[in-house]
Amino acid sequence: MMPNFSVRCWTQHMIGVTGTLTGIQMSNVRTRIAPSPTGDPHVGTAYIALFNLCFARQHGGRFVLRIEDTDQARSTAESEQAILDSLKWLGLDWDEGPDVGGDFGPYRQSERMGIYRQYAEQLVKEGHAFYCFATPAELDQMRQEQMARGETPKYDGRSLALSYDEVQRRLENMEPHVIRMKVPHQGVCEISDMLRGNIQIDWAQVDMQILLKADGMPTYHLANVVDDHLMEITHVIRGEEWINSAPKHQLLYQYFGWEMPTLCHLPLLRNPDKSKLSKRKNPTSILYYQRMGYLPEAMLNYLGRMGWSMPDEREKFSLYDMLSEFDINRVSLGGPIFDTEKLRWLNGCWIREELDADLFAQRLQNWAYNRETLMPILPHLQQRVEILSDVAPIASFLVSGMLDLSEDRFLRESKLEKSELLKLLQFALWRLEALRHWQRELIFEEIKLLATQLEVKLKDFLAPLFVAIAGTSASISVMDSMVFLGPDLSRARIRHAIEVLGGVSKKQTKKLEKDYAQLGKAAQGKDA
RNA sequence: GUCCCCUUCGUCUAGUGGCCUAGGACGCUGGCCUCUCACGCCGGAAACAGGGGUUCGACUCCCCUAGGGGACGCCA
């Protein structure tokens with residue numbers, strides 16, 4: 001993680017300022033960001049965090065970071081660390097969280113395991129929830145049948161029919177089970193949103209949500225309600241993808257007899273095609289933007305322009321500026337497209353206007369132009385230069401963003417046909433997207449395996465990869481280059497290469513996916 | 001498919017019933033500055049999704065239609 005001193009400085013300063021303010025105008029406003037550590041730090045998380053932070057501070061309240069790691073299969077410590085680091089890099093600071101502690105801890109749901117079951121069982125005792133013994137496969141079949149009949153897939157209440165004795169017997173037998181909440185069969189649920197007013201949803205649309213999973217972990221729905229209550233969260237500001245779950249949450253608050261926080265659903269960040277921002281179509285990892293050389297101030301500034309504007313409409317503003325002018329009513333509800341072109345322009349403004357030559361030099365050093373970063377790659381360069389000035393031309397791709405590629409270049413450097421190249425690059429991309437640990441040996445193994453599976457000589461397989469990553473096959477080791485560039489930039493370059501070659505249509509993707517799945521099977525067959 | 005949310009230039013947005021001949025910004029484009037480029041400055045093209053109401057008056061309020069998005073998991 002690259003430290004950023006100037007940002008840290010003024011954020012510290014801000015804490016000082018708000019700290020004094022709270023003394024005068026005490027407020028009990030508490031907001032939270034609750035990321036799930038299951039992948040790369042997402043710009044959407046930062047966006048929601050920013051608005052939660054602004055809202056809390058503006059009211060002299062507190063902003064909490066809580067880790068929602070109830071998905072045991074997918075949550076990782078590395079992901080959690082990356083999320084924390086990324087948010088800090090951006091200059092976002094929380095008053096309570098797993099790293100800084102607080103009076104309402106622990107702030108990691110896996111460490112709060114003990115508390116959820118009792119709440120779920122309390123609901124069972126009070127008749128608001130029930131044990132369910134249906135297996136995932138059974139439910140899958142149920143949903144398929146419902147879909148076939150043209151119905152909305154929904155839990156049919158099968159375990160509700162079980163007698164008390166039957167349930168007890170099965171529990172004593174230690175049969176795998178979950179706890180589900182009961183939901184009214186009819187009527188309308190009215191939820192209130194700070195920005196959208198009242199929203200009405202038929203109870204018939206609401207599923208009997210699982211509260212406690214078979215592994216004893218709570219689902220988001222239970223954990224989020226219990227923790228928001230125990231952590232005294234007053235305002236839940238989250239993405240609009242949660243609107244349809246709000247009735248469940250409201251019902252849980254009612255069952256428990258707790259006061260419900262005020263809800264506020266922000267519009268979702270979008271891809272250029274208007275769909276929800278996704279890494280398939282747009283870089284979504286904060287690490288990507290960091291590696292590309294965006295300034296954290298500019299990133300945060302841009303996220304603040306998503307669905308929000310300053311009263312005087314100024315484009316460039318710091319977190320401090322935003323904090324002092326923040327008004328959540330200025331949020332506009334249309335889903336904003338994350339436009340990297342405008343972000344780029346804004347970043348340029350920050351570089352030109354906020355940095356003198358000295359600070360600019362510091363940023364460059366912190367970013368990549370430093371001994372520690374360059375060291376691993378220097379031996380490779382040393383082999384192929386004769387004079388020192390040979391270094392810059394052959395190493396420039398290592399400190400560049402997207403390369404200026406052409407279809408022609410790929411065809412010249414490879415003997416494969418265009419469709420073959422596309423397939424090869426797409427498969428390589430999928431393999432590398434699935435790779436959890438970005439290490440030289442692991443990358444190499446994936447590539448080698450893929451070449452074998454496709455029955456392409458490694459040399460031929462590597463050629464287009466060289467062009468995608470380095471712009472030419474006359475370059476240093478493509479594996480080492482990818483390690484140096486990191487996963488986000490490497491994957492982005494391969495995606496870019498695919499685009500340059502004309503891209504892959506939806507139809508083609510389907511076919512490729514099928515072929516790709518076959519590869520896996522063939523490999524498994526060989527192994528066995 | 002069902003339900004929910006949303007809808008101002010290509011994009012981000014201003015607009016909370018008269019100030020709108022709809023403003024700003026990115027991008028595009030013409031020019032100026034200038035050893036080139038970039039920056040900067042000046043100018044241009046570019047939008048209220050459509051239809052009904054309400055009102056003396058609708059970008060603004062209501063309804064319908066259309067379009068877009070989201071949700072429908074033992075993921076969050």
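Each chain gets a letter, A, B and so on, in the order the sequences are listed, and its residues count up from 1.
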Tell me: [atom1] of [X] to [atom2] of [N], nearest whole Å?
{"X": "A:Phe317", "N": "B:rA25", "atom1": "CZ", "atom2": "P", "value": "16 Å"}
{"X": "A:Arg32", "N": "B:rA76", "atom1": "CZ", "atom2": "C1'", "value": "11 Å"}
{"X": "A:Asp327", "N": "B:rU16", "atom1": "CG", "atom2": "C1'", "value": "12 Å"}
{"X": "A:Leu346", "N": "B:rG27", "atom1": "CG", "atom2": "P", "value": "11 Å"}

inquiry  = Per the salt bridge (Lys or Arg N to Asp or Glu O under 4.0 Å) rule, what does the pair list look like for residues 192-208 of chain A, sequence neighbours excluded?
reply    = A:Arg196-A:Glu240
Just name whichever nucleotide pairs with [N], Watson-Crick or G-U, keeping both distances under 3.5 Å, else none.
{"N": "B:rA71", "result": "B:rU2"}
{"N": "B:rA58", "result": "none"}
{"N": "B:rA66", "result": "B:rU7"}
{"N": "B:rU36", "result": "none"}
{"N": "B:rC41", "result": "B:rG31"}

Using the test side-chain hydrogen bond (donor to acceptor under 3.5 Å, both in side chains), find all partners of [X] that sit at least two apart in sequence or belong to another chain.
{"X": "A:Arg30", "result": "A:Glu96"}
{"X": "A:Glu68", "result": "A:Arg66, A:Gln109"}
{"X": "A:Arg436", "result": "none"}
{"X": "A:Glu138", "result": "A:Arg158"}

Using atom [atom1] of each nucleotide, how far apart are [N] and [M] to the nearest Å?
{"N": "B:rU60", "M": "B:rU13", "atom1": "C1'", "value": "16 Å"}
{"N": "B:rU21", "M": "B:rU16", "atom1": "P", "value": "14 Å"}
{"N": "B:rA25", "M": "B:rU8", "atom1": "C1'", "value": "15 Å"}
{"N": "B:rG68", "M": "B:rU54", "atom1": "P", "value": "31 Å"}
{"N": "B:rC42", "M": "B:rG50", "atom1": "P", "value": "33 Å"}
{"N": "B:rA71", "M": "B:rG53", "atom1": "P", "value": "38 Å"}

key: Pair A:Tyr220 + A:Trp242: ring centers closer than 6.0 Å   = yes
inquiry  = I want to confirm an ordering. Mapping A:Pro218 and A:Leu195 to their closest nucleotides on RNA chain B, which one lands closer to the 5' end?
reply    = A:Leu195
Would you say a side-chain N or O of [X] is under 4.0 Å from OP1 or OP2 of [N]?
{"X": "A:Arg352", "N": "B:rG40", "value": "yes"}
{"X": "A:Lys248", "N": "B:rG73", "value": "no"}
{"X": "A:Lys213", "N": "B:rC75", "value": "yes"}
{"X": "A:Thr70", "N": "B:rA76", "value": "yes"}
{"X": "A:Arg74", "N": "B:rA76", "value": "no"}

Electrostatic pair [X]-[Y], nearest N-O below 4.0 angstrom:
{"X": "A:Glu297", "Y": "A:Arg363", "value": "yes"}
{"X": "A:Glu166", "Y": "A:Arg170", "value": "yes"}
{"X": "A:Lys88", "Y": "A:Asp93", "value": "no"}
{"X": "A:Glu433", "Y": "A:Arg491", "value": "no"}

Provide a list of protein-nucleic acid N or O atom pairs under 3.5 angstrom, restricted to nucleotides 28-30 of chain B.
none

What are the atom names and distances for every N/O pair under 3.5 Å that joins the protein to nucleotides 10-13 of chain B?
unit_1, atom_1, unit_2, atom_2, d
B:rC12, OP1, A:Ile337, N, 3.1
B:rC12, O2', A:Arg305, O, 3.0
B:rC12, O2, A:Lys342, NZ, 3.3
B:rU13, OP1, A:Gly307, N, 2.2

Suppose we screen for ring pair (Phe, Tyr, Trp, His ring centres under 6.0 Å). Which residues come up paired with [X], at least two apart in sequence or across chains?
{"X": "A:Tyr155", "result": "none"}
{"X": "A:Tyr294", "result": "A:Tyr289"}
{"X": "A:Tyr116", "result": "none"}

task = Take A:Glu80 and A:Arg108 through the salt bridge (Lys or Arg N to Asp or Glu O under 4.0 Å) test and state the conclusion after the steps.
result = CA-CA 10 Å; A:Glu80 177 187 318; A:Arg108 204 176 274 121; 2.7 Å; yes
What protein N or O atoms touch nucleotides 3-5 of chain B N or O atoms at under 3.5 angstrom, if any, and at what distances?
unit_1, atom_1, unit_2, atom_2, d
B:rC3, O4', A:Gln205, OE1, 3.3
B:rC3, O4', A:Gln205, NE2, 3.3
B:rC5, O3', A:Arg196, NH1, 3.3
B:rC5, O2', A:Arg196, NH1, 2.2
B:rC5, O2', A:Glu240, OE1, 3.2

request  = Pick base, sugar-phosphate or nothing for A:Thr152, based on heavy-atom distances below 4.0 Å to the nucleic acid.
outcome  = base
message = Any heavy-atom pair between the side chains of A:Lys342 and A:Tyr302 that's under 4.5 Å?
response = yes
task = Mind running a 4.0 Å heavy-atom check of residues 115-136 of chain A against RNA chain B and sending the residues that fall below it, in number order?
result = A:Ala134, A:Thr135, A:Pro136
key: Minimum heavy-atom distance A:Arg305-A:Arg314, with the two atoms named   = CD-O, 4.3 Å
